[in-house]
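Okay, so here's the structure we're looking at.
Note that this is a predicted model, so its numbers are computed, not measured.
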Amino acid sequence: MQPDIEKSYEAAKRLYAAHGIDVDRALEKLAQIKISMHCWQGDDVRGFLNRDQDLTGGISVTGHYPGAARTPAELRADLEKAFSLIPGKHKVNLHAIYADTEEKVELDRIEPKHYERWVEWAKEHGLGLDFNPTCFSHEKSADGFTLSHPDPAIRQFWIDHCKAARKVGAYFGERLGQTCVTNVWIPDGFKDAPSDRLTPRKRLKEALDEVFAEQLDPRHHLDAVESKLFGLGSEAYVVGSHEFYMGYGLQKGKLICLDAGHFHPTEVISNKLSALSLFADGILLHVSRPMRWDSDHVVTLDDELLDIGKELVHGDLLGKTHIGLDFFDGSINRVAAWVVGTRNTIKALLRAMLMPIEALRQAELEGDYTTRLALTEEFKTYPFGAVWDYYCAKSGVPVREEWLAEVKAYERDVLLKRDV
């Protein structure tokens, strides 16, 4: 470790210690937090089943930056590169379409064997795996409906797919010794105002009941359900709204997924975490960055991400919140997108750990809002960066922007050669 990094860290420790903040302990806690890094950033949500199928379900990836992964092996290599530049040990979030198999298999017939190479790779690298059924970009989702489809045969296809996905997720958890979260998201909805909002939701509720009928060991597997405000092609009405899934999740004991890009532009999920935590068994958090309406931009260290970090840390919600990333940008280096987004998410958690929360709470309790404001503002310029640099160096990953040179070299030596 460079002497200046250690020297700056020791100076920062003394400043934080004056406010009762144990920086060493904060870093120990931070090292235990696992971020689930989404595989679909690496290839623009194409996957390896039905790879030539156009993206549907309101999903759109813009940009044609060179070097997108074309095979599972290439995607794993890109993930390895990203993880080598990110401190800590984390997880990978797979969609069903990312099966690694020579067998031609339909979505309702997927099995653990179709993902065995992913499991072996994750085991080798000490990573966990999360999972998602893929209810989009398929001929049976072409009209915008899956689990709430009015055609019983099509609806059953998607029910069977989600049931099969749960078994794959349970296999991941059992084999890797890390609980797998399998998250159900569907694109179902209408482009224009529907005549009947209730009936599709009745069908969805019945379908989900069938999907979740088999009890799986919670040590290995947890279910989550994810809402959305609107999508491309479902601007007027989404069957699986936030209210629907919040009610379903609370009633059925499922994790409720809050995606930062799935709400109205004036809403923030940082304000929802504490409220939901009082009633939900657990939360799945998808960290993304909305812009205007629904979108999935690479996560930056903005005010909302910092507030999310504060809510999770200060509310002691890390034990019941599963943190994953969900963004896709094809206009920049895809490995860099992973690194920027994941490092920023970890930074937000560390920043929250380095705040004098007890002093702030006491001032608030006493009605001393002057002290609350003054301390909050002053701590914005405390030497958080020195602590982050030390954590990166101690974890054996590049400090500050040094990681960018490695990504550029990887782009030159590996990614650009894919498009030749």
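In this structure, the side chains of F244 and V238 stay at 4.5 Å or more apart for every pair of heavy atoms. Side-chain contact between L415 and D78 is present, with heavy atoms from C-beta onward closer than 4.5 Å. Contact check for Y410 versus V335: side-chain heavy atoms found under the 4.5 Å cut-off. Within the 4.5 Å cutoff, the side chain of E243 has no heavy atoms near those of the R201 side chain. Put simply, the side chain of H114 does not reach to within 4.5 Å of the side chain of R109, judged on heavy atoms. Within the 4.5 Å cutoff, side-chain heavy atoms of E406 are placed close to those of K81. Counting heavy atoms from C-beta on, the side chains of H90 and M37 never come closer than 4.5 Å. Within the 4.5 Å cutoff, side-chain heavy atoms of H38 are placed close to those of F327.
The backbone N or O of S8 sits nowhere less than 3.5 Å from a side-chain atom of Y390 that would complete a donor-acceptor pair. D389 contributes no side-chain N or O that, together with a main-chain N or O of I5, makes up a donor-acceptor pair within less than 3.5 Å.
Classification of D100 and R76 as a salt-bridged pair holds, one side-chain N sitting under 4.0 Å from a carboxylate O. Salt bridge annotation for E102-R117: present, with a cationic side-chain nitrogen under 4.0 angstrom from a carboxylate oxygen. Salt-bridge annotation for D329 and R289: absent, with no side-chain N of the basic residue lying under 4.0 Å from a carboxylate O of the acidic one. Ion pairing of D4 with K7 is absent here, as no side-chain N (NZ or NE/NH1/NH2) approaches a carboxylate O to less than 4.0 Å. In summary, E214 and R166 do not engage in a salt bridge, as defined by a charged side-chain N under 4.0 Å from a carboxylate O.
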Assess the residue pair D151 and F145 against the criterion (side-chain contact (heavy atoms from CB on, under 4.5 Å)); give the C-alpha distance rounded to whole Å, side-chain angles, the decisive distance to 0.1 Å, and a yes or no. CA-CA 10 Å; D151 183 331; F145 287 86; over 6 Å; no

Start with the C-alpha gap between F172 and H221, add the side-chain angles, then the distance that decides, and say whether ring pair (Phe, Tyr, Trp, His ring centres under 6.0 Å) holds. CA-CA 8 Å; F172 288 170; H221 180 271; 9.7 Å; no

Could you walk me through whether D296 and S288 pass the side chain to side chain donor-acceptor pair (under 3.5 Å) test, one step at a time? CA-CA 6 Å; D296 295 276; S288 186; 3.2 Å; yes

K140 and D108: salt bridge (charged side-chain N to carboxylate O under 4.0 Å, His left out), yes or no, with the steps? CA-CA 11 Å; K140 285 187 168 65; D108 62 337; over 6 Å; no

Between L349 and I323, does a side-chain contact (heavy atoms from CB on, under 4.5 Å) hold up when you go through it step by step? CA-CA 11 Å; L349 296 172; I323 306 172; 4.1 Å; yes

Test side chain to side chain donor-acceptor pair (under 3.5 Å) on H149 and D143; report intermediate values, then the result. CA-CA 9 Å; H149 204 288; D143 60 1; 2.7 Å; yes

Side chain to side chain donor-acceptor pair (under 3.5 Å) assessment of D24 paired with Y9: CA-CA 10 Å; D24 288 333; Y9 176 69; 2.5 Å; yes

Walk me through it: do L350 and L27 pass the test side-chain contact (heavy atoms from CB on, under 4.5 Å)? CA-CA 8 Å; L350 176 59; L27 293 184; 3.8 Å; yes

Between K205 and D209, does a salt bridge (charged side-chain N to carboxylate O under 4.0 Å, His left out) hold up when you go through it step by step? CA-CA 6 Å; K205 182 177 183 298; D209 287 345; 3.6 Å; yes

Verify salt bridge (charged side-chain N to carboxylate O under 4.0 Å, His left out) between K228 and D259, making sure each step is shown before the conclusion. CA-CA 8 Å; K228 195 170 187 177; D259 186 301; over 6 Å; no

Side chain to side chain donor-acceptor pair (under 3.5 Å) between Y98 and D43: does it pass, once the steps are laid out? CA-CA 10 Å; Y98 288 83; D43 77 328; 2.4 Å; yes

Yes or no on side-chain contact (heavy atoms from CB on, under 4.5 Å) for E311 and S277, after CA distance, side-chain angles and deciding distance? CA-CA 11 Å; E311 289 296 311; S277 73; over 6 Å; no

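Within a 6.0 Å sphere centred on CD of E103, other residues, nucleotides and ligands contribute more than 12 heavy atoms. The environment of NZ in K252 is crowded: more than 12 heavy-atom neighbours from other residues, nucleotides or ligands sit within 6.0 Å. Other residues, nucleotides and ligands contribute more than 12 heavy atoms inside 6.0 Å of the CG atom of D413. In this structure, R361 places its CZ atom where more than 12 heavy-atom neighbours from other residues, nucleotides or ligands lie under 6.0 Å away. Remark: D316 CG is loosely packed, at most 12 non-hydrogen atoms of other residues, nucleotides or ligands lying under 6.0 Å away.
Nearest heavy atoms, P133 versus V184: CG-CG2, 4.0 Å. Considering all non-hydrogen atoms of both residues, P200 and Y237 come closest at CB-OH, 3.7 Å. When all heavy atoms are compared, the tightest approach of Y391 to A31 is OH-CA, 3.4 Å. Looking at every heavy atom in both residues, A236 comes nearest to D192 through CB-C, 3.3 Å. Heavy atoms only, all atoms of each residue included: D22 and R25 are closest at OD1-N, 3.0 Å. F190 and P194 get closest at one heavy-atom pair: CD1-CB, 3.5 Å.
Put simply, the residue from F136, F131, Y115 that forms a ring-ring contact (aromatic ring centres under 6.0 Å, His included) with H95 is F136. Residue Y171 is tested with K167, E174, R175 for a side-chain hydrogen bond (donor to acceptor under 3.5 Å, both in side chains); the sole match is R175.
The aromatic rings of W121 and H125 are tilted relative to each other, their planes meeting at an angle between 30° and 60°. W185 and H262 have tilted rings, their planes meeting at an angle from 30° to 60° on a 0 to 90° scale.
Relative to the six-membered ring of F263, K272 meets both conditions, a distance below 6.0 Å and an angle of at most 45° to the axis. Figure legend: cation-pi geometry between K254 and F212, with NZ or CZ positioned under 6.0 Å from the six-membered ring centre and within 45° of its axis.
A donor atom on one side chain and an acceptor atom on the other are not found under 3.5 Å apart for D130 and N183. Remark: the W40 side chain and the D326 side chain contain an N/O donor-acceptor pair separated by less than 3.5 Å.
Taking the six-membered ring for Trp, H19 and F379 have ring centres closer than 6.0 Å.
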